[in-house]
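Here the structure is laid out as structure tokens; the discussion comes afterwards.
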Amino acid sequence: MTLGPFEDAAIVKAEPVRRADPMADRFRERYGVTAWYGHHTRAWWALVDRWALVEGATPEQLGEAIMAARRMR
């Protein structure tokens, strides 16, 4: 079976996307930041106090990055 020129294209499943949305809400409630999961980067991101963009491979690492950014200010 030949799939054509896009046979190596990434397939993003919707289920992890739906599970990520509530986690982003939790970051807003707990830390007061805008957070999201980067589906292409496969990492968590947050904009901290409108001056720092931080990243974490897991939600726990993102929480640590948020707190580290606030300590640096």
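Owing to the predicted nature of the structure, the values given are computational and were not obtained by experimental measurement.
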Original post:
Got a sec, which residues hit side-chain hydrogen bond (donor to acceptor under 3.5 Å, both in side chains) with Arg26, two or more places apart in sequence or on another chain?
Top reply: none

**OP:** Using the rule that two of Ile, Leu, Val, Met, Phe, Trp, Tyr join whenever any of their side-chain heavy atoms come within less than 4.5 Å, decide whether Val33 and Leu47 are in one cluster.
**Re:** no

Anything under 3.5 Å between a donor and an acceptor, one on a side chain of residues 54-69, the other on a protein residue two or more places apart or in another chain? List them.
{"unit_1": "Thr58", "atom_1": "OG1", "unit_2": "Glu60", "atom_2": "OE1", "d": "3.4"}
{"unit_1": "Thr58", "atom_1": "OG1", "unit_2": "Gln61", "atom_2": "N", "d": "3.1"}
{"unit_1": "Gln61", "atom_1": "OE1", "unit_2": "Ala57", "atom_2": "N", "d": "3.0"}

Original post:
Does CZ belonging to Arg70 count more than 12 external heavy atoms closer than 6.0 Å?
Top reply: yes

Original post:
Any idea how Trp45 and Trp36 line up, ring-wise: parallel (<30°), tilted (30 to 60°), or perpendicular (>60°)?
Top reply: parallel

Original post:
Which of parallel (below 30°), tilted (30 to 60°) and perpendicular (above 60°) describes Tyr37 and His39?
Top reply: perpendicular

Original post:
Taking the side chain as C-beta and beyond, is there a heavy-atom pair between Arg28 and Thr34 under 4.5 Å?
Top reply: no

